[in-house]
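What follows is a set of notes on a single structure, which appears directly below.
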Amino acid sequence: MGKENFVEQIADIEKDFPQWYTDVVIKTKLVDYGPVKGTMVIRPYGYAVWENIQSELNARFKECGYENAYFPLLIPMSFFTKEAEHVEGFAPEVAVVTHAGGEELSEPLAIRPTSETIIGNMYSKWLQSYRELPIKINQWANVMRWEKTTRPFLRTSEFLWHEGHSAFATAEEAEAETMKMLDVYKEFAENVLAIPVICGRKTEKEKFAGAVATYGMEAMMKDGKSLQSGTTHFLGQNFAKAFDIKFLDKDGAQKYAHTMSFGVSTRLIGALIMAHGDGRGLVLPPPVAPVQAVIIPIAAKKGGVVEACKAVKEKLEKAGVRVKFDDTDSSPGWKFNEWEMKGVPLRIELGPRDIEEGKALICRRDTLEKTAYPLDGLDKTVKQLLEVVRKDMLETARKRRDGRIVYAEDLDGILNGVESGNFVKAGWCGCRACEDEVKAKTAATARVFAEGETSKKCAVCGKKAEHTVIFARAY
RNA sequence: UGAGGCGUAGCGCAGUUGGUAGCGCGUAUGGUUCGGGACCAUAAGGUCGUGGGUUCAAAUCCCGUCGCCUCAACCA
């Protein structure tokens with residue numbers, strides 16, 4: 001097969017980004033479509049990425065005092081009606097079980113779209129005294145939201161996520177936790193996923209149904225669109241009042257708790273793909289790459305090559321590197337392209353020539369640079385390179401994003417900005433009509449408030465600006 | 001849900017005056033190869049998404065239906 005055929009395997013990233021995305025997720029075997037509309041099978045390669053994300057996040061959550069637990073998938077429908085905004089926001093996309101055991105159920109059961117309600121219900125049973133606060137529980141689970149149209153990782157009927165739920169005695173603590181977990185997300189996104197993110201508060205229109213305030217972490221994809229990659233919600237006493245989460249305080253008074261919640265989902269995998277990928281396919285950041293280094297033998301049947309590869313593999317495994325030795329029959333060129341498409345951070349080429357010279361050729365996926373390194377101490381070299389790649393990927397992504405943030409004074413400015421694939425900062429008076437106007441005219445939405453910046457006038461109505469908002473087209 | 005596109009071998013596709021299905025890649029076996037998707041030989045693989053209709057005859061024409069992709073609206 002010639003080069004031309006390979007190029008046809010994935011769509012041109014410049015010309016057809018959506019198709020490129022679909023091609024990449026399917027061809028690299030991250031996912032496959034499930035038999036039910038809107039569902040996806042997360043295949044071993046994709047699930048391995050998720051497991052790495054989970055273990056990095058778990059470590060951070062536990063450091064913040066969270067314990068993992070598991071709440072039921074099925075939630076009584078009546079729970080949803082207890083918080084007015086919540087039911088309004090989620091009702092259209094909730095899947096409901098009406099029959100079981102061959103009979104119609106007396107009360108329909110919702111398949112959780114999120115667990116504030118059932119967790120609120122349980123917290124109310126458990127909580128008695130201020131001494132038991134704060135409660136900090138995280139759960140890893142699947143949730144279901146019946147979306148109209150879907151795309152693997154970005155929007156599917158069922159997806160995997162984590163949701164952290166905590167309850168505090170005071171609003172200040174709950175609010176502080178909301179900000180703290182947003183910082184945890186940011187640190188994780190940047191240092192683990194190598195994705196620079198912009199964090200900030202969401203507008204009323206964009207906030208979580210039932211929250212007092214929602215904060216989001218927005219990441220820029222290569223087409224200039226924004227992907228909401230994580231959110232934290234300050235719920236105030238909304239859910240505490242709806243579910244009767246009360247405690248006896250020091251002063252002997254019964255008080256409602258203040259709660260917050262936060263979550264990130266398998267959508268993060270979509271973020272990885274679209275923030276780092278290139279014309280050859282995936283580019284995975286080393287901390288979450290299922291395979292961090294792949295060893296490709298050249299002229300494998302020549303004496304000593306396989307042995308040398310195995311020796312390098314063993315050495316790297318001992319050093320804690322996730323390494324694969326590709327000893328299949330395909331030609332080296334085929335393997336180069338295959339593993340590049342799969343985004344493996346480092347490729348180690350080892351042939352008779354290298355072995356003679358006591359060296360190995362290492363190719364970085366992010367820059368495609370090839371350099372020969374001594375076999376002696378290769379484990380240390382690889383570990384260092386993985387760290388370099390991680391940092392460089394973050395820097396590269398940061399520069400790309402920073403070069404694509406522009407300011408606008410009016411609607412035309414916002415439109416021009418987003419059409420050229422930028423995030424646009426603009427003033428906003430704070431009224432819903434102006435926010436809707438931006439969306440109607442530019443297809444861009446208010447992503448988050450830009451912290452510490454104040455514009456003079458609203459880009460839509462020209463009145464005094466209350467906020468500076470980052471507008472972008474979003475997934 | 002609105003607009004557009006598409007369902008033929010695992011993947012990508014060809015196949016209209018309707019006549020009983022083909023190409024490339026991949027797969028299997030054997031051999032030669034191996035520093036950017038190698039080559040030769042042989043072979044396996046299809047109720048043409050699905051239901052109905054027209055016809056002597058349907059992948060092809062008509063009606064319904066299901067699914068997928070993109071854009072728009074909603075969301076992690």
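What you see is a predicted model; the values in this text were computed from it and never measured.
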Phe243(A): partners by ring pair (Phe, Tyr, Trp, His ring centres under 6.0 Å), with sequence neighbours left out: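 With sequence neighbours excluded, Phe243(A) shows a ring pair (Phe, Tyr, Trp, His ring centres under 6.0 Å) to Phe79(A), given in chain and number order.
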
Figure out the [atom1]/[atom2] separation between [X] and [N], and round it to whole Å.
X	N	atom1	atom2	value
Trp146(A)	U1(B)	CH2	C1'	16 Å
Ile298(A)	G36(B)	CD1	C1'	9 Å
Glu349(A)	C34(B)	CD	C1'	12 Å
Lys359(A)	G35(B)	NZ	C1'	15 Å

Protein-to-nucleotide contact annotation, 5' to 3' order, nucleotides 66-76 of chain B [B base; S sugar-phosphate only; - none; under 4.0 Å, heavy atom]: --SSSSBBBBB

Any salt bridge (Lys or Arg N to Asp or Glu O under 4.0 Å) pairs touching [range], not counting sequence neighbours?
range	value
residues 416-426 of chain A	Glu419(A)-Arg473(A), Lys425(A)-Glu453(A)
residues 291-307 of chain A	none
residues 213-223 of chain A	Lys202(A)-Glu218(A), Glu218(A)-Arg447(A)

Test item: side-chain donor near acceptor, His165(A) and Ser261(A), under 3.5 Å: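 No pair is found: no donor N or O on one side chain lies under 3.5 Å from an acceptor on the other.
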
Side-chain donor-acceptor contact under 3.5 Å, Tyr66(A) with Ser166(A):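 Yes, because at least one side-chain N or O of Tyr66(A) sits under 3.5 Å from a partner of the opposite role on Ser166(A).
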
Looking only at atom [atom1], what distance separates [N] and [M], rounded to whole Å?
N	M	atom1	value
A58(B)	G53(B)	C1'	11 Å
C69(B)	G64(B)	P	24 Å
A73(B)	G2(B)	P	16 Å
U20(B)	U60(B)	P	14 Å
G52(B)	G19(B)	C1'	23 Å
C61(B)	G5(B)	P	16 Å
G15(B)	A21(B)	C1'	8 Å
C23(B)	U8(B)	C1'	13 Å

Could you work out, with side chain to side chain donor-acceptor pair (under 3.5 Å) as the rule, every residue matching [X], not counting sequence neighbours?
X	answer
Arg347(A)	Glu340(A), Glu349(A)
Lys225(A)	none
Glu147(A)	none
Glu206(A)	none

Sugar-phosphate, base or nothing in reach of Leu361(A), heavy atoms under 4.0 Å: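 Base, at least one base atom sits under 4.0 Å.
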
Pair of N/O donor and acceptor under 3.5 Å linking G35(B) base with Lys335(A) side chain: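 No such pair is found, so the answer is no.
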
For nucleotides 30-33 of chain B, give me every protein contact, N/O to N/O, under 3.5 Å, one pair per line with atom names.
| unit_1 | atom_1 | unit_2 | atom_2 | d |
| --- | --- | --- | --- | --- |
| U33(B) | O4 | Lys301(A) | NZ | 3.4 |

Polar-atom pairs under 3.5 Å, protein N or O versus N or O of nucleotides 7-11 of chain B: list them with distances, or write none.
none

In the strands shown, is [N] matched to any nucleotide by a Watson-Crick or G-U wobble pair with both distances under 3.5 Å, and which?
N	answer
U1(B)	A72(B)
U17(B)	none
U32(B)	A38(B)
A57(B)	none
G12(B)	C23(B)
U50(B)	G64(B)

Phe208(A) and Phe90(A) aromatic centres sub-6.0 Å: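 Between Phe208(A) and Phe90(A), the centre distance is under 6.0 Å.
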
Worked verdict on Ser115(A) versus Gln139(A) for side chain to side chain donor-acceptor pair (under 3.5 Å): CA-CA 9 Å; Ser115(A) 303; Gln139(A) 91 163 339; 3.2 Å; yes

Pairing residues for Glu187(A) by the salt bridge (Lys or Arg N to Asp or Glu O under 4.0 Å) criterion, not counting sequence neighbours: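 Salt bridge (Lys or Arg N to Asp or Glu O under 4.0 Å) list for Glu187(A), sorted by chain: Arg60(A).
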
